[in-house]
A.B. asks: 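Structure below; questions to follow.
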Amino acid sequence: MASKKYDLVIKGGRVIDPALGFGKDAGVFIKDGLIKKIAAVSAAESKEIAALGEKQLIDASGMLVVPGLIDIHVHLREPGREDAETIESGCRAAAAGGFTSVCCMPNTTPCIDNQETVKFVQDRAKDCNAHVFVVGAVTKNLEGRELSEIGDLVKMGAVAVSDDGKYPQNPEIMRRGLEYAKMFDISVMQHAEDQLLSAGAVMNESYQSARLGLKGAPPVAEEIAVLRDIALCRFTGSRLHIQHVSTRGAVEAIRKAKAEGVNVTAEATPHHLILTDEEIGKAFNTNLRVNPPIRGADDRDAVIEGLVDGTIDCIASDHAPHPEEEKDCEFDRAPAGMIGLETTLGLVKTYLIDKGYLSWADAIRKMTANPARILKLPGGTLEAGSPADIAIIDPEKRWTVKAEKFRSKSKNSPFIGWKLTGRVRTTILGGRIVFEQ
Ligand code: DOR
Ligand code: ZN
């Protein structure tokens, strides 16, 4: 029977795989959850394909067919805050955003600083709509005092370590964390914030914070944190990944370190690439409260420049769900964080591709091959033999972000009501359709 040769065929779309340097119209052939090949559909095959059932043949005419997107910075909140998000709901949100792999941060309750909790997350993720890779804690309970058993975490499958949300303030601890991580050739992912400089801050320190009478975190709090850890990274020869870069100072420090051959990589979020702190005074929308804070235009422009010139390797959402009742308060009392899995692709297309900063291939590279390379994750490519993790994108689809449409349990997005272009049509995980618009 013809349908035995392939389980699923995607035909008629434009295939973009930056890892392969591939960018043209082709069919994608899937068998047993793996990519069999990307190839023009031959006349003989055309017949075979025509015999496939409608569930096995996807017509992607006018669409882009890309490797499933990878987000290396998300908060899934489980265990501990299942009211905000669960691994299951977070994975549904991922699939709806075109992401087939996510890396979850360890700031849960209990914290992911031990093997049991790594295992718990992995077990919960088993039948979900995305692959979940666990990032363990650098220090026990993210307290910055005592290192976690990083070796145990890695043995259990942790792909990196991070104290995200916190910055190990003690350089001796960070040095040892980098050295411990180096033994396993994994990255330490760093939330760069000198908490002595940013104490009490609820937004960026700027003209805007002065005008609004809100305490601000100076951009130099990030720059200093990045500079210290670049120095430690150079000294230890470890791998350092700077999370959610938001300042010119950080971008310049990373650019210089990379030129010197220091093993540092970096990510930026859509919100730091698009928004400025001027937005906050308009309506005091608490969904604009994030850490690091939304900065001024000069910092925002520097982050874009860094993304364009390769200083910043990848785009990550920092998907940080918080329930409505906790965000429904004064700006300075709201918890920091915004969701991002379901808006990232549309924001990237509308504000980075359509504005001429990135090509589709650049953008897809920063959401597939590059994050896969940094954390050594499987996937990120459509190469034959790879898992059939695929996103089919409708590149010119216009849509409006609506709170009631989010699959995430939380709705804390400042982009609600925004009109975007570019949306995921179908997401495929290991050959299984996990999302269809
Ligand atoms: O805004 C943020 N929210 N930044 C972080 O670093 C942590 C995150 C969270 O967990 O809510
Ligand atoms: Zn963070």
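Ligands are counted one by one from 1 in listed order, and the atoms in each one are counted from 1 as well. In this text, all values refer to a predicted model and were calculated from it rather than measured experimentally.
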A.B. asks: Can you name the residues that come within less than 4.0 Å of ligand 1, going by heavy atoms only?
C.D. replies: H75, R77, N107, D164, G165, H191, H244, V290, N291, D318, A320, H322, A336, G337
A.B. asks: When you check the space around the Zn ion (ligand 2), which protein N, O or S atoms turn up under 2.8 Å?
C.D. replies: D164 OD1, H191 ND1, H244 NE2
A.B. asks: Can you sort out the partners of H272 under ring pair (Phe, Tyr, Trp, His ring centres under 6.0 Å), two or more places apart, ordered by chain and number?
C.D. replies: none
A.B. asks: Tabulate below the donor-acceptor pairs under 3.5 Å that side-chain atoms of residues 379-387 make, not counting sequence neighbours, or state none.
C.D. replies:
from: T381; atom 1: OG1; to: D17; atom 2: OD2; distance (Å): 2.8
from: T381; atom 1: OG1; to: E383; atom 2: N; distance (Å): 3.1
from: S386; atom 1: OG; to: E383; atom 2: O; distance (Å): 2.7

A.B. asks: Please determine whether a side-chain nitrogen of the Lys or Arg among E143 and R145 lies less than 4.0 Å from a carboxylate oxygen of the Asp or Glu.
C.D. replies: yes
A.B. asks: Between the side chains of D354 and K349, is the shortest nitrogen-to-carboxylate-oxygen separation below 4.0 Å, so that they form an ion pair?
C.D. replies: yes
A.B. asks: Would you confirm whether the ring centroid of H244 sits within less than 6.0 angstrom of the ring centroid of H191?
C.D. replies: yes
A.B. asks: So, T86 versus E82: side-chain donor-acceptor pair below 3.5 Å or not?
C.D. replies: no
A.B. asks: Hey, are R92 and E88 close enough for a salt bridge, meaning a charged N less than 4.0 Å from a carboxylate O?
C.D. replies: yes
A.B. asks: On the 0 to 90° scale, with breaks at 30° and 60°, tag the F415-W418 ring pair as parallel, tilted or perpendicular.
C.D. replies: perpendicular
A.B. asks: Rounded to the nearest 0.5 Å, what separates atom CE in M105 from atom OG in S162?
C.D. replies: 5.0 Å
